[in-house]
Peer 1: 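Below: one structure in structure tokens.
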Amino acid sequence: MSAPVTQTGHTPAVDATHALSPVPSAAARRDQPVPGRIRYYFGPMACGKSTLALQIDHNHARQGRRGLLLVRHDRSGTPTISSRIGITRDAIEVHEEMNIQDLVRAQWAGNQRVDYLIVDEAQFLSPCQVEQLAELADHAQVDVYCFGLAIDFRSHLFPGTQRLVELADELHPVQVEVLCWCGLPGKFNARTQDNRILREGDTVLVADTADSDPGAESTVRYQVLCRRHYRSGELGPQAVPAGQLSLA
Ligand SMILES: Nc1ncnc2c1ncn2[C@@H]1O[C@H](COP(=O)(O)OP(=O)(O)O)[C@@H](O)[C@H]1O
Ligand SMILES: Cc1cn([C@H]2C[C@H](O)[C@@H](COP(=O)(O)O)O2)c(=O)[nH]c1=O
């Protein structure tokens, strides 16, 4: 790009500070509260999101930080964050109309500080509730840890996930791979019934990857697949035995 030319035809001396307004000095910045960070940990079903949520809460709480555990539609049907690895904690159910800022304000009113929020099944938050998390991070310095699915059974972003992807400071794919029956890493959460993939239906349908009642007919469940097998609809030879390790 060439330098601007003035009306008199002279090229002005380049002023490196010309275009941008100055950021505050380091000393001035010390007076500014640092905003909280929003982190979104995402991955397919059963990759370990709830386990990670409880681990992060544990590590913060043991250092004296105060957090709130939030969840929407846990598989257990109760307001808990429940990990398939066996650990479970009570949580606050985020109802559809709940204002998360009001929830935190109610804690403040009871003289309880809130340093961080852990939100499991965050894909089910409304975009408006994600905005409320951003407000808490920016104006109340609350750190926000969200855990959830990226895509629904039709392979589209959940609305809550979309807003989180747009607003979060950090996006973290969970590292533990869930394998498709063919051995490739799976990313797609297929909704299945009677050994075939369902492509139509409500976005929200709480169910597990394991067959809760293998004897029963027509159980809706989920199966994690690679893209090729999600698109072709091939569910593999048969269900793989659920647990390889005993938690006894
Ligand atoms: N019996 C087991 N032995 C060891 N690890 C297990 C067992 N059952 C489940 N897990 C681990 O727990 C993960 C599922 O954790 P969970 O937090 O419930 O997942 P998500 O919240 O992503 O659905 C599995 O991917 C696996 O790594
Ligand atoms: C893909 C998909 C999933 N769900 C539900 C099914 C489970 O109850 C949760 C995900 O639980 P996990 O902790 O990640 O295993 O979400 C849904 O309602 N709609 C969907 O499209």
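Numbering starts at 1 and runs along the sequence shown. First listed ligand is number 1; within each ligand, the first listed atom is number 1. Since the structure is predicted, the reported quantities are computational estimates derived from the model, not experimental observations. Only this structure's heavy atoms are used, side chains among them; waters, hydrogens and symmetry mates stay out.
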Peer 1: Take the angle between the ring planes of Tyr41 and Tyr145 and call it parallel below 30°, perpendicular above 60°, tilted in between.
Peer 2: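 The rings of Tyr41 and Tyr145 lie parallel, inter-plane angle below 30°.
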Peer 1: Polar-atom distance check: Phe153 versus ligand 2, any N or O pair below 3.5 Å?
Peer 2: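 So ligand 2 has an N or O lying under 3.5 Å from an N or O of Phe153.
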Peer 1: Closest non-hydrogen protein atom to atom 16 (O) of ligand 2, residue and atom name please, with distance?
Peer 2: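 Protein heavy atom at minimum distance: Phe124 CZ, 3.3 Å.
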Peer 1: Should the proximity of Pro44 to ligand 2, defined as any heavy atom under 4.0 Å, be assigned to the side chain, the backbone, both, or neither?
Peer 2: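 Near ligand 2, Pro44 shows nothing, with every heavy atom at 4.0 Å or more.
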Peer 1: Report yes or no: is the cationic atom of Arg199 (NZ for Lys, CZ for Arg) under 6.0 Å from the centre of the six-membered ring of Tyr230, at an angle within 45° of the ring normal?
Peer 2: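 That pair qualifies as a cation-pi contact.
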Peer 1: Could you check which of Asp74, Ile85, Thr209, Leu52 puts a non-hydrogen atom nearest to atom 5 (N) of ligand 1?
Peer 2: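 When every heavy atom of Asp74, Ile85, Thr209, Leu52 is considered, Ile85 comes closest to atom 5 (N) of ligand 1.
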Peer 1: Under 6.0 Å from the CD atom of Glu96, do we count more than 12 heavy atoms belonging to anything else shown?
Peer 2: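 At most 12 heavy atoms, drawn from other residues, nucleotides or ligands, come within 6.0 Å of this atom.
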Peer 1: Does Arg231 CZ have over 12 foreign heavy atoms under 6.0 Å away?
Peer 2: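 Not more than 12 within 6.0 Å, no.
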Peer 1: Under a 4.5 Å side-chain heavy-atom rule over Ile, Leu, Val, Met, Phe, Trp and Tyr, are Leu171 and Leu125 clustered together?
Peer 2: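 The answer is yes; both residues are in one hydrophobic cluster.
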Peer 1: Out of all atoms in ligand 2, which are within 4.0 Å of some heavy atom of Thr203? Include the element for each.
Peer 2: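 Taking each heavy atom of Thr203 in turn, ligand 2 has 17 (C), 18 (O), 19 (N), 20 (C), 21 (O) under 4.0 Å.
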Peer 1: What are the atoms of ligand 2, with element, lying closer than 4.0 Å to any heavy atom of Asn189?
Peer 2: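 This gives 1 (C) as the contact atoms.
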Peer 1: What residue and heavy atom of the protein are closest to atom 17 (C) of ligand 2, and at what distance?
Peer 2: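 Here the closest protein heavy atom is Tyr222 OH, 3.3 Å.
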Peer 1: Just distances here: any N/O of Lys49 and N/O of ligand 2 closer than 3.5 Å?
Peer 2: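 The answer is yes, given that Lys49 and ligand 2 share an N or O pair closer than 3.5 Å.
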Peer 1: Judging by distance only, is a nitrogen or oxygen of Thr51 under 3.5 angstrom from one on ligand 1?
Peer 2: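 Yes; at least one N/O pair falls below 3.5 Å.
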Peer 1: Can you tell me which residue and heavy atom of the protein come closest to atom 10 (C) of ligand 2, and the distance to 0.1 Å?
Peer 2: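 That would be Glu121 OE1, 3.5 Å.
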Peer 1: Which atoms of ligand 2 sit under 4.0 Å from any heavy atom of Phe158?
Peer 2: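 Those qualifying, in numeric order: 2 (C), 19 (N), 20 (C), 21 (O).
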Peer 1: May I ask you to check if ligand 1 and Ala46 share an N or O to N or O distance below 3.5 Å?
Peer 2: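 Yes: some nitrogen or oxygen of Ala46 is under 3.5 Å from one in ligand 1.
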Peer 1: Taking CD in Glu166 as the centre, count heavy atoms belonging to other residues, nucleotides or ligands within less than 6.0 Å. Is the count above 12?
Peer 2: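 Correct, the count exceeds 12.
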Peer 1: For a quick check under 3.5 Å, do Gln129 and Glu131 share a side-chain donor-acceptor pair by atom type?
Peer 2: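 Short answer, no.
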Peer 1: Side chain or backbone, does Val204 bring an N or O within less than 3.5 Å of an N or O on ligand 2?
Peer 2: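 In this structure, Val204 places no N or O atom under 3.5 Å from an N or O of ligand 2.
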Peer 1: Taking only heavy atoms of Val206, which atoms of ligand 2 are found under 4.0 Å from at least one of them?
Peer 2: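 That gives atoms 8 (O) of ligand 2.
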Peer 1: Would you give the length of the straight line joining atom CD of Gln223 to atom CH2 of Trp181, rounded to the nearest 0.5 angstrom?
Peer 2: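 Rounded to the nearest 0.5 Å, the CD-CH2 separation comes out at 9.0 Å.
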Peer 1: Are any of the N or O atoms of Val176 closer than 3.5 Å to those of ligand 1?
Peer 2: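 Such a contact does not occur with ligand 1.
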Peer 1: Considering only non-hydrogen protein atoms, determine which one is nearest to atom 12 (P) of ligand 2 and report residue, atom name and distance to 0.1 Å.
Peer 2: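 Heavy-atom neighbour on the protein nearest atom 12 (P) of ligand 2: Arg75 NH1, 3.5 Å.
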Peer 1: Purely on distance, is any nitrogen or oxygen of Met45 under 3.5 Å from one on ligand 2?
Peer 2: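 By distance alone, the answer is no.
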Peer 1: So for atom CG, which belongs to Asp202, do other residues, nucleotides or ligands contribute more than 12 heavy atoms lying within a distance under 6.0 Å?
Peer 2: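 Atom CG in Asp202 is not packed in, count stays at 12 or less.
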Peer 1: Could you identify the single nearest non-hydrogen protein atom to atom 15 (O) of ligand 2 and state the distance to 0.1 Å?
Peer 2: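 Closest protein heavy atom to atom 15 (O) of ligand 2: Arg84 NH2, 3.0 Å.
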Peer 1: Please check if the number of heavy atoms outside Arg227 that lie under 6.0 Å from its CZ is greater than 12.
Peer 2: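 Count not over threshold, so no.
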